[in-house]
Amino acid sequence: MIISWNTTNACNLYCAHCYRDAGVGAADELTTAEGKTLLDQIGEAGFRIMIFSGGEPLLRPDIFELVRYAVRCGLRPVLGSNGTLLNAAAAARLKEAGAACIGISLDSLDQNRHDELRGQRGSWEAAVNGMRCCRAAGLPFQVHTTVMGWNDHEVENITDFAVQEGAAAHHIFFLVPTGRAADIEQESLRAEQYEDLLTRILRKQQETAIELKPTCAPQFMRIAKQLGLQTRFTRGCLAGTAYCIIGPRGDVQPCAYLNMPLGNVRERSFAEIWRDSPVLAELRTLDFAGGCGRCAYKSVCGGCRARAWYYHGSYMAEEPWCLYGGRKGY
C-alpha cells in the first residue's frame, strides 16, 4: 500500500497545475515529533511505500531526518520533487538517509514551455541538473510528467529522454482539475485523447526497459487487458483502497486530488481514520454509479474518483473521460 504526506505547503515554484495551491508554508504544519509519530502509525497500519511530497519537500529542514526515521519504521521512503533544489549535496544526503527513489517533474522537452508551466525561468535546467546529481550519487530517480492538451504529443520523447538520463521510470500524470489546476481545466484531455495516449503509452512500454506508469488515468488497466498486454499493476484508481494522502497540517483525504478531509491525525490516530472512515468504506465497496457501476472492468480500473467529484459532485459517480462508457455492451 502507498501513502503520501504533503510535508509542507511551501514551494519555491508556482506551478499552474498545483493541486495544493502551494507556495507559502501553511501555519501550524506537523512538527518533526508529530511527523515521526505519524510515520509510526503509517507503518503499523500496513503501508509500505511512503511518499514525501509538498509543496517542495526539500524546503522542509528536517526532511533527511524524517526519511531516515521512515526507514526505521519499515517504510520505503520516496520523494516527489520539482528537482530544482537537488544539488549534489542534497542528493548525497538523501541517499545516505535511505531514500529509495525520487520523482522529478519534467513536463516538456521545450525548456520555455516547462518553465512557463512551473512559473520560473531556469526550472527545466535545474530539474535536469537534479536528475544528474541523483545519478552521480547513486540515488534512483524517475521522471514525472503532467500531461495536458499542449504536451501529450511529447510523452514518448520525454520517455526517451528519461532513459537517456538514467531514470528508473517515467510516470505520466493526467491533469485533474483541483487546486490551481481548476483554472486550466480546459487543458485536460478528453475521452478520445485519453484512449489514444494510454494506448500509446502501453505500446511504448513494450519497447522500453524502464517502467511507464499512467497516473490518474485508471482506464489504462482496461486498455491493457483489451490489448492483451501484461502489466505489474493490479488496479487503476487506488483512492481509499490502497492509497491516501495526509496534508501539511495532518488532514487525511482519499487522494491528492479529492480534497475531502476525513479526519486529522492530531485528533485521531491515522490507523483509526484509515480503518473507520465512512467515505473510505464507501469507496471500498466499488458500488459506483452510472457507467462505472455497470462496467465489467470496474474492479481493475475503478475510474478516477477525483474527476467524478469535480464533474458530477459525487466521488462515486462515473468517470467523465472514459471512451468505453459510450459503447454498447458497457
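Numbering starts at 1 and runs along the sequence shown. A quick note: this is a predicted structure, and the numbers were derived from the prediction, not measured.
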Within the 4.5 Å heavy-atom criterion, are [X] and [Y] side-chain neighbours or not?
X    : Y    : value
P218 : C301 : yes
R60  : F52  : no
T32  : K36  : yes
L189 : F174 : yes
S188 : Y311 : yes
E211 : R232 : yes
P248 : R20  : yes
D110 : W150 : no

Could you grab the distance from atom [atom1] of [X] to atom [atom2] of [Y], nearest 0.5 Å is fine?
X    : Y    : atom1 : atom2 : answer
Y297 : Q219 : OH    : CD    : 13.0 Å
N157 : Q164 : CG    : CD    : 11.0 Å
M50  : R76  : CE    : CZ    : 13.0 Å
T178 : N259 : OG1   : CG    : 5.5 Å
Q253 : N6   : CD    : CG    : 7.5 Å

Between [X] and [Y], does any side-chain N to carboxylate O distance fall below 4.0 Å?
X    : Y    : value
E185 : R190 : yes
E154 : R113 : no
R294 : E318 : no

To check you understand the geometry: which heavy-atom pair defines the closest contact between [X] and [Y], and what is its length?
X    : Y    : result
A70  : P77  : CB-CB, 4.1 Å
R268 : D276 : NH2-CB, 4.0 Å
Y194 : L175 : OH-O, 4.0 Å
S299 : L286 : CA-CD1, 4.0 Å
A22  : N9   : CB-O, 3.3 Å
S123 : Q120 : OG-O, 3.0 Å

- prompt: If you link I, L, V, M, F, W and Y whenever their side-chain heavy atoms are under 4.5 Å apart, who else ends up in the same group as I51?
  reply: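 Members besides I51, by chain and number: I2, Y19, I49, V78, F173, V176, L238, Y243, I245, Y257.
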
task: Please name the residue in the list I3, L280, V265 that meets the side-chain contact (heavy atoms from CB on, under 4.5 Å) test with V252.
output: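 Testing V252 for a side-chain contact (heavy atoms from CB on, under 4.5 Å) against I3, L280, V265 leaves exactly one candidate, V265.
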
query: Can you list the residues that meet the ring pair (Phe, Tyr, Trp, His ring centres under 6.0 Å) rule with H171, with sequence neighbours excluded?
result: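 H171 satisfies ring pair (Phe, Tyr, Trp, His ring centres under 6.0 Å) with H144 only.
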
Only pairs under 3.5 Å count here: list side-chain donor-acceptor contacts from residues 37-45, not counting sequence neighbours, and write none if there are none.
from : atom 1 : to   : atom 2 : distance (Å)
T37  : OG1    : A33  : O      : 3.2
D40  : OD1    : Y69  : OH     : 3.0
D40  : OD2    : Y69  : OH     : 3.0
Q41  : OE1    : F270 : N      : 2.9

field: D107 vs T145, side chain to side chain donor-acceptor pair (under 3.5 Å): CA-CA, chis, key distance, verdict
entry: CA-CA 5 Å; D107 301 300; T145 300; 5.3 Å; no

Just list the side-chain donor-acceptor pairs under 3.5 Å for residues 81-106, sequence neighbours left out, or say none.
from : atom 1 : to   : atom 2 : distance (Å)
S81  : OG     : E56  : OE1    : 3.1
S81  : OG     : E56  : OE2    : 3.0
S81  : OG     : G83  : N      : 2.9
N82  : OD1    : T84  : N      : 3.0
N82  : OD1    : T84  : OG1    : 2.7
N82  : ND2    : N12  : OD1    : 3.0
N82  : ND2    : E56  : OE1    : 3.2
T84  : OG1    : N12  : ND2    : 2.8
N87  : OD1    : A89  : N      : 3.2
N87  : OD1    : A90  : N      : 2.8
K95  : NZ     : G138 : O      : 3.0
E96  : OE1    : R68  : NH2    : 2.5
S105 : OG     : R118 : NH2    : 3.4

Hydrophobic clusters here meaning ILVMFWY residues chained together by side-chain heavy-atom distances under 4.5 Å, can you tell me if [X] and [Y] are in one?
X    : Y    : value
F141 : V163 : no
F220 : Y324 : yes
L75  : V71  : no

Residue pairs passing the salt bridge (Lys or Arg N to Asp or Glu O under 4.0 Å) test where at least one lies in residues 123-140, sequence neighbours excluded: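 The answer is R132-E165.
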
message: Using the side-chain contact (heavy atoms from CB on, under 4.5 Å) criterion, which residues pair with L229? Sequence neighbours excluded.
response: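 Applying side-chain contact (heavy atoms from CB on, under 4.5 Å) to L229 gives L202, Q206, L227.
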
